[in-house]
2 protein chains.
Amino acid sequence: MGVSLKDVAQRAGVSIKTVSNVVNNYQHVTPAMRTKVQQAIDELGYRPNLTARHLRKGRTGIIALAVPEFGNPYFAELAGAVVDAAARHDYTVLVDHTAGLRENELLVSQGFRSHVIDGLILSPIHLETEDLMARTETAPLVLLGEREYEAPYDHIAIDNVAAARDAVRHLLGRGHRRIAFLGSRTGRERQPAHLRLRGWREELAAAGITPDENLVVVTDGYGREDGATGMAALLDRGERPDAVFAYNDLIAIGAMRTITARGLRIPDDIAVVGFDDIEESRYGATTLTTIAPDKEAIARLAVDSLVERLSGQPVAEPRKPRPGYRLIIRESTTPGSAHAHLKDL
Amino acid sequence: MGVSLKDVAQRAGVSIKTVSNVVNNYQHVTPAMRTKVQQAIDELGYRPNLTARHLRKGRTGIIALAVPEFGNPYFAELAGAVVDAAARHDYTVLVDHTAGLRENELLVSQGFRSHVIDGLILSPIHLETEDLMARTETAPLVLLGEREYEAPYDHIAIDNVAAARDAVRHLLGRGHRRIAFLGSRTGRERQPAHLRLRGWREELAAAGITPDENLVVVTDGYGREDGATGMAALLDRGERPDAVFAYNDLIAIGAMRTITARGLRIPDDIAVVGFDDIEESRYGATTLTTIAPDKEAIARLAVDSLVERLSGQPVAEPRKPRPGYRLIIRESTTPGSAHAHLKDL
DNA sequence: TTGAAAGCGCTAACAA
DNA sequence: TTGTTAGCGCTTTCAA
């Protein structure tokens, strides 16, 4: 094995404690002693064994982040933000993906590598409130995302209903009336899209339009392929919408592909709005209007929540902060604007 | 703190060793004893403390993966593959990003959270051979990516020169002659694109074309924005290529945006080939012809290399396996094909 | 087949 | 200011 405190102590001719003091930057160490010890450390190439420190302290300084999949840029970008936010608190992040499987979500929430994780940030898709209530693992858990839970955990999510209403209102303001919702699910899996769908319904109703359930498209998943297939299905069954509000950007991007492939124009024939503001949505042939959740805020709030509970604060009530979001208007809902903002390229 | 082996032993009225035996599925334990102990474990909700186990065993079962950034889908997709490959060996992956900064790459290579990482997979951009030679950290390191190193470490990378030549040959075969290279760098930073640029030069030369250095475009980075700006700069200085070979897909996507914005058609006016085969390249208005490295193979080879060295095998020679790749031909180099394969949508 | 005891490297209480 | 020592929870000889 490597060099231990004992080796350094021997080399420097002092006690272990003194070396430990130096390593941990303790106050009361004479400069002379400090340099002497430091020299021994350098000569031996000593590196503290964090595992031992963890065992001793009962904490590891590692938090886990579990998202459905990295393949979705939204989660990739979010993961980057979480890593940065955690680094500011001297925490390291262990990232895992659940592949959107309930089984994996359960596994992770029940204790990911027991005792090596101080806390967990989880973005669930299929996990249910009862799963959460049955949780025995004691490490703090912070939830992310658009599912609703009646469980005593911190939960960070933008106001999905309000954001969806903003998106739909934007389309209504552009004169669209037959607005489809793309990316719903059925049965147990309908939860994730639930709030956005509610926003769609509410805003339509508020505008005096009866939501047409024929315009709600169920997809198999949340990727580009699902968007393309879903859009094709919608058009094939003769329901020609004049606008589409997609559950997320990937679905919107897939839908745009189908719309264009069918010889229809965006936004003239069909306008499209997405959700997430992944970087990709700014670079298609037609840039995508979308809801942009404040990812940095989400990451920061999640990490701060966790760190606070980790620091042994008196157990506060579960908090549900609402990070901000913005509606970003781009070409997919702006007739005649195609490439306009790129004129100077 | 939690429940320890001792607590379980006490409860079951046996020794610590016996409980340990049960927990670790040792051979020689009487069924009766096993059930008795198991019951105590269940009653107490015992979970082994992995930190303690790690300290004792000197290994943690955690490997680190450091990539430039998750924002690039190539690395996000690769990270997913690495996590899966590692899971098959019962390793957990700690993911970090270096933001493409040499400083961070150095930090990471020198020992990421000393002793909590059994090994490291690093995809460097700016790290130099001498940095690697100066490395003191003893945890095994496996390198990823298109930089070349004269250092005794395993290095997993596809044959970048051959792949680049395939890409350029494809363009030549389509009749293109003025083929630009987009995404070069200058000075210390020119290494990453080096091999692909060499492939570009070699293949042109082999076709009897003198590589025109005016068609080599330097970019500030490797993102979509850089591709868009670089392409604009190329067109602005009056160099109108009939094809572009981009360092990666993101640059290619940015370039396509600029080409279209300038009113030029892809591939009729300018054909485009990328590198990486990120999923996004299959969904633009014009799908992107690209080199598709076998990400699963890369991830598997990297993890296998690491695991082998971790298992204390006699120290083999540094290995440089060559995972496979494929040239995937899509619309951006196929005149008249736009949306062809989506007809049935 | 099971038990007793040492020790992985570190921190923290207590002593000097 | 520095040294001594116990012990975090586990695995692992060595005995029984």
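So you know, we letter chains A, B, ... as the sequences are listed, proteins then strands, and number each from 1. Here the structure is a predicted model, which is why all the values come from computation and not from measurement.
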Residue-phosphate contact under 4.0 Å: A:Thr30 side-chain N/O, D:dT2 OP1/OP2: yes

A:Asp304 versus A:His89, side-chain donor and acceptor atoms under 3.5 Å: yes

Length of the line joining B:Arg56:CZ and C:dA5:C1', which is rounded to integer Å: 11 Å

Nearest-Å distance for atom pair CD1/C1', residues A:Ile16 and C:dC10: 9 Å

Whole-Å distance separating the CZ atom of B:Arg53 from the P atom of D:dC8: 18 Å

A:Lys17, nearest nucleotide to its side chain (from D:dT13, C:dA12, D:dT1): C:dA12

Whole angstrom value for the distance that separates P of D:dT1 from CZ of A:Arg34: 11 Å

Proximal nucleotide (of C:dC8, D:dT11, C:dC10) relative to the B:Asn24 side chain: D:dT11

Integer-rounded Å distance: C:dA13 P and A:Lys57 NZ: 11 Å

Residue pair A:His97 / A:Pro68: nearest heavy atoms and the distance that separates them: CB-O, 3.5 Å

Donor + acceptor pair across side chains of A:Asp131, A:His126 (<3.5 Å): no

Position toward the 5' end of DNA chain C (nearest nucleotide), B:Met33 or B:Leu55: B:Met33

Backbone of A:Ile125 reached by a side-chain donor or acceptor of A:Glu105 within 3.5 Å: yes

Phosphate-side-chain proximity, B:Thr18 and C:dT2, N/O vs OP1/OP2 below 4.0 Å: no

Touch class at under 4.0 angstrom, heavy-atom based, for B:Val23 against every strand present: nothing

Distance below 4.0 Å between B:Ser20 side-chain N/O and D:dT11 OP1 or OP2: yes

Below 4.0 Å: OP1/OP2 of C:dG3 and any side-chain N or O of B:Ser15: yes

Short side-chain N/O contact from A:Asn49 to OP1 or OP2 of C:dC8, under 4.0 Å: no

Spacing of B:Asn21 atom CG relative to D:dC10 atom P, expressed in whole Å: 14 Å

Side-chain donor/acceptor of A:His54 to backbone N/O of A:Thr60, under 3.5 Å: yes

Rounded interatomic separation in angstrom, taking CZ from B:Arg59 and C1' from D:dC10: 15 Å

Selected nucleotide, minimal atom distance to A:Pro48 side chain, candidates D:dT11, C:dA12, C:dC10: C:dC10

Spacing between B:His115 atom NE2 and C:dC8 atom C1', to the nearest angstrom: 12 Å

